[in-house]
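Per chain, numbering begins at 1; letters A, B, ... match sequence-line order. If you're wondering where the values come from, they're calculated on a predicted model, not measured in any experiment. All values below were derived from every heavy atom in this structure, side-chain atoms included, with hydrogens, water molecules and symmetry-related copies excluded.
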Amino acid sequence: MTGKSNAIVIGFFFCPLVQFREFDMTSETSTPVVVRFAPSPTGYLHIGGARTALFNWLFARRQDGRFLLRIEDTDTARSSPEMTDNILTSLKWLGLDWDGEPVLQSANRPEHVRLCRDLLDRGLAYPCFCDPEEQRRRREEGPQAGMVYKYDRTCLSIPRDEAAARMKAGEPHAVRFRIPDGRTTLADRIRGDVTVEHAELDDFVILRSDGTPVYQVSVVADDHAMAITHVIRGDDHLSNTPKQILLYRAMNWPVPEFAHVPMILGPDKKRLSKRHGATSVGEYERQGVRPEALRNFLALLGWSPGDDREIMTLAEMTEAFSLASVSKKSAVFDETKLAWMNAQYLSRLTDEEWLKAAEPFLPVGAADAGGLKGWIPLMRPRVQKLSELTGASAYFFNDPEAYEPAAVAKHWPGPQAADILDGVRDCLKVADWNAAGLESAVRGLAEKRGVKAGALIHPVRVALTGSGSSPGLFEVMETLGAETVFRRMERAAAWIRSGAAV
RNA sequence: GGCGCGUUCGUCCAGAGGCCUAGGACGCCGGCCUCUCACGUCGGCAACACGGGUUCGAAUCCCGUACGCGCUACCA
């Protein structure tokens, strides 16, 4: 009943309250901060969850607070320990470390049930004997009649002793929370004030007839038990927050601060989902995206340091982070920019670091190449995601299996292409085997023949790489070595003469 | 349907009444570099959803409309 009078007070003294809140907004916090990330292990850690975790982490670290983890595994049918492992692994991969041991929500079930019973005893909740099937049917019919279904409080009018007797007799029942009169204003750290009239809410079930507590109860109970001071979560929870606040009040618990971060959308502006392609952190790892790149990119979706910085270390992000600077607007996930950002991080690695990161993506044959490292600086600026390496660098390690048709058509227009290859090969035989020496040999030949160097270079490139484009031809030659170069040129000449081109 | 939230270049952000002829980044287009591709570099195109207010002055404040998203479960 205190909730009711509070609500009225809020309504009447609106102006002073606003001033108070603004003060609160700028101070960011005054007590030690405890935040949490609470994924449910029903799937891999997805992009949206990762960003929510990041924001929680940044806030906690910025405020010298604690960042806790809670695994919401109460949906036993859909949850699995494997998914929990996967989520933890992904968080670590992203460099987001947490404090203490992860809490399992399922462990707190008995307490959640107890709280529901307590609310029942105190008359803040009441048993509902209505048939769930009937309720569901009415809810479905509602829209057709132009009405919205809201629980009609049939069971609220059952006298307490009668209700007690029916429960005692074992009649199946759920427990519903009784929504008090009034309205609730939530001072969201990101959205600002959000007010909801209690008349819009209905007496929601807190304890199902099978005796299991509902999500709204579990979050509230666990957040309180974990002494969470700031609930930072996806904006899909915004509408349910008033219900949760009512629960806090009913329990006589302090209400934490809330901050609802906007959603991440796909290119079609719909909520990001599997339809949009890769949506889990693990998939990006498998594509050869660097964790620091994904993390940086995610941070910039819905947040900015307030200036033009884009490439930032975790420490820089932490230093600049505040909830007030988080956007209210949902953001489209742009793969292209992620790729660019990944390339930025890739380019900042040393050759040794780069190779180590690239190893899982090297094509077959690369292992046999041993000390052959000349290809590395050649490929580095040419891949944005390491996974591109598999195809793009194949010719460094294996003779081309095929010649790109478009390149053949353009650079090997007829049998004379084979003669060009032979001519170049001969002039190469007496050249110094390094990029400069090879280049001057080929250019010398071009000049002698009165043709442009490109007329010789392009046919040779196709012979060596099977492709119309590659890193500088002479660097490629130097890296490949004379033996391989000659072998490939001769194979190509033979292929051309066999008439395969036509 | 109701309620809530949102709306600055194609995309991500900057902008908290005059500093905005709206800034940066990705992408795109063009130049340079050059044997192709990529990198790099230089330049260009490109936005305040709409309509009313308030104000000497609005991208910034207020109201309405449109559109989008979310919630509205004995799911989490």
Side-chain angles (χ1 to χ4, degrees), chain A residues 38-40 42 72-75 77-79 105 128 130 132-133 135-136 139 142-150 172-176 188 191-192 194-197 199-202 204-210 212-216 218-219 234-243 260 262-263 265 267 269-271 297 300-311 327-341 343 347 378-384 392 407 410-411 439 442-443 446 452-458 460-462 465 467-474:
Chain A
S40 71
T42 54
E72 307 213 320
D73 58 346
T74 47
D75 185 344
R78 293 194 300 149
S79 300
Q105 185 158 70
C128 174
C130 296
E133 268 308 301
Q135 299 297 310
R136 194 180 57 77
R139 194 178 329 113
Q144 292 172 15
M147 296 275 299
V148 230
Y149 172 79
K150 214 177 118 191
H173 64 279
V175 176
R176 286 183 185 273
D188 192 276
R191 332 299 291 218
V194 177
T195 302
V196 172
E197 300 290 337
E200 299 297 336
L201 276 19
D202 74 344
F204 59 100
V205 168
I206 54 178
L207 193 63
R208 300 185 188 94
S209 44
D210 66 0
T212 60
V214 107
Y215 165 77
Q216 311 283 5
S218 299
V219 241
D235 139 3
D236 46 342
H237 291 281
L238 183 60
S239 294
N240 281 324
T241 304
K243 289 182 188 172
H260 288 93
M263 305 267 81
L265 277 22
K269 305 281 179 80
K270 302 279 186 217
R271 187 178 182 154
F297 178 72
L300 262 22
L301 274 189
W303 176 77
S304 90
D307 50 42
D308 288 339
R309 285 178 293 168
E310 300 244 29
I311 306 294
S327 167
K328 299 177 174 64
K329 193 184 152 192
S330 46
V332 172
F333 187 82
D334 182 3
E335 292 272 356
T336 311
K337 186 159 184 177
L338 202 215
W340 167 81
M341 186 163 283
S347 73
L378 269 30
M379 285 312 296
R380 284 196 57 170
R382 271 165 256 259
V383 292
Q384 291 194 303
K410 190 167 180 188
H411 301 301
E439 176 157 15
V442 171
R443 288 193 187 280
K452 290 167 82 174
L456 306 181
I457 289 170
H458 297 305
V460 175
R461 166 174 290 112
V462 181
T465 69
S467 164
S469 61
S470 80
L473 184 70
F474 305 106

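Contact annotation: side chain of A/Arg461 to base of B/rC35, donor-acceptor pair present below 3.5 Å.
B/rU54 is unpaired under the criterion used here, namely a Watson-Crick or G-U wobble arrangement in which both key atom distances are under 3.5 Å. Searching all strands for a Watson-Crick or G-U wobble partner of B/rG23 with both distances below 3.5 Å returns B/rC13. Base pairing annotation: B/rA59 forms no Watson-Crick or G-U wobble pair, as no partner gives both donor-acceptor distances under 3.5 Å. The partner of B/rG6, taking Watson-Crick or G-U wobble pairs whose two distances both stay under 3.5 Å, is B/rC67. Nucleotide B/rC37 forms a pair with no other nucleotide shown, judged by Watson-Crick or G-U wobble geometry with both contacts under 3.5 Å. The partner of B/rC28 is B/rG44, judged by Watson-Crick or G-U wobble contacts that both fall below 3.5 Å.
Residue A/Ser239 places no side-chain N or O under 4.0 Å from the OP1 or OP2 atom of B/rU72. In this model, the phosphate group of B/rU34 is not approached by any side-chain N or O of A/Arg443 to a distance below 4.0 Å at OP1 or OP2. Remark: A/Lys270 is in phosphate contact with B/rC69, judged by side-chain N or O atoms under 4.0 Å from OP1 or OP2.
The closest donor-acceptor contact from the side chain of A/Lys150 to the backbone of A/Ala199 lies under 3.5 Å. When atom types are taken as modelled, the side chain of A/Arg191 and the backbone of A/Lys328 share a donor-acceptor pair closer than 3.5 angstrom.
A/Ala331 comes within contact range of the sugar-phosphate backbone alone, with a heavy-atom separation under 4.0 Å but no base atom that close. Within 4.0 Å of A/Glu197, counting heavy atoms only, lies no atom of the nucleic acid at all. Note on A/His260: nothing from the nucleic acid sits closer than 4.0 angstrom, heavy atoms only. Nucleic acid contact for A/Asn240: base, since at least one base atom lies under 4.0 Å from a heavy atom of the residue. Contact annotation for A/Leu301: backbone-only contact, meaning every heavy-atom pair under 4.0 Å involves sugar-phosphate atoms and none involves a base. Nucleic acid contact for A/Glu310: base, since at least one base atom lies under 4.0 Å from a heavy atom of the residue. Residue contacts for A/Thr212: at a heavy-atom cut-off of 4.0 Å it reaches no nucleic acid atom on any strand shown. Note on A/Arg309: nothing from the nucleic acid sits closer than 4.0 angstrom, heavy atoms only.
Taking atom P in both B/rC48 and B/rC39, the straight-line distance is 31 Å, to the nearest Å. Across B/rG15 and B/rC71, the matching C1' atoms stand 31 Å from one another, rounded to whole Å. On the C1' atoms, B/rU7 is 32 Å away from B/rG43, given to the nearest whole Å. On the P atoms, B/rG64 is 12 Å away from B/rC3, given to the nearest whole Å. Using C1' as the reference atom, B/rA49 and B/rA66 are 8 Å apart when rounded to the nearest Å. The P atoms of B/rG2 and B/rC45 are separated by 45 Å, rounded to the nearest whole Å. Across the P atoms, B/rG6 and B/rG10 are found 22 Å apart, a figure rounded to whole Å.
Both A/Val196 and A/Phe297 lie near RNA chain B, and the one whose nearest nucleotide falls closer to the 5' end is A/Val196. Nearest-nucleotide positions on RNA chain B place A/Val332 closer to the 5' end than the other of A/Ser209 and A/Val332.
Using a 4.5 Å cut-off on side-chain heavy atoms (C-beta onward), A/Phe333 and A/Leu338 make contact.
Picking from B/rC5, B/rC35, B/rA76 the nucleotide with the shortest atom distance to the side chain of A/Val194 gives B/rC5. Distances were taken from every side-chain heavy atom of A/Ile457 (C-beta onward) to each of B/rC35, B/rG70, B/rG24; the shortest belongs to B/rC35. Among B/rC35, B/rC26, B/rG2, the nucleotide with an atom closest to any side-chain atom of A/Glu200 is B/rG2.
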Scan nucleotides 6-9 of chain B against the protein and return all N/O pairs shorter than 3.5 Å with their distances rounded to 0.1 Å.
| unit_1 | atom_1 | unit_2 | atom_2 | d |
| --- | --- | --- | --- | --- |
| B/rU8 | OP1 | A/Lys329 | NZ | 3.4 |
| B/rU8 | OP2 | A/Lys329 | NZ | 2.3 |

Polar atom pairs (N or O), protein with nucleotides 41-46 of chain B, under 3.5 Å:
none

If you restrict it to nitrogen or oxygen atoms, what contacts under 3.5 Å exist between nucleotides 37-40 of chain B and the protein, and what is each distance?
| unit_1 | atom_1 | unit_2 | atom_2 | d |
| --- | --- | --- | --- | --- |
| B/rC37 | O2 | A/Arg382 | NH1 | 2.5 |
| B/rC37 | N3 | A/Arg382 | NH1 | 2.5 |
| B/rA38 | O2' | A/Pro381 | O | 2.4 |

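Distance A/Glu72 CD to B/rA76 P: 10 Å, rounded to the nearest Å. Atom P of nucleotide B/rA49 and atom NZ of A/Lys269 are separated by 13 Å, given to the nearest angstrom.
Atom CD in A/Glu133 sits 4.5 Å away from atom CZ in A/Arg136 (nearest 0.5 Å).
Test A/Asp235, A/Asp236, A/Asp188 against A/His260 for side-chain hydrogen bond (donor to acceptor under 3.5 Å, both in side chains) and you get one pass: A/Asp188.
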Going through the checks in order, is the side chain to side chain contact (heavy atoms under 4.5 Å, CB included) test met by A/Lys410 and A/Val462? CA-CA 10 Å; A/Lys410 190 167 180 188; A/Val462 181; over 6 Å; no
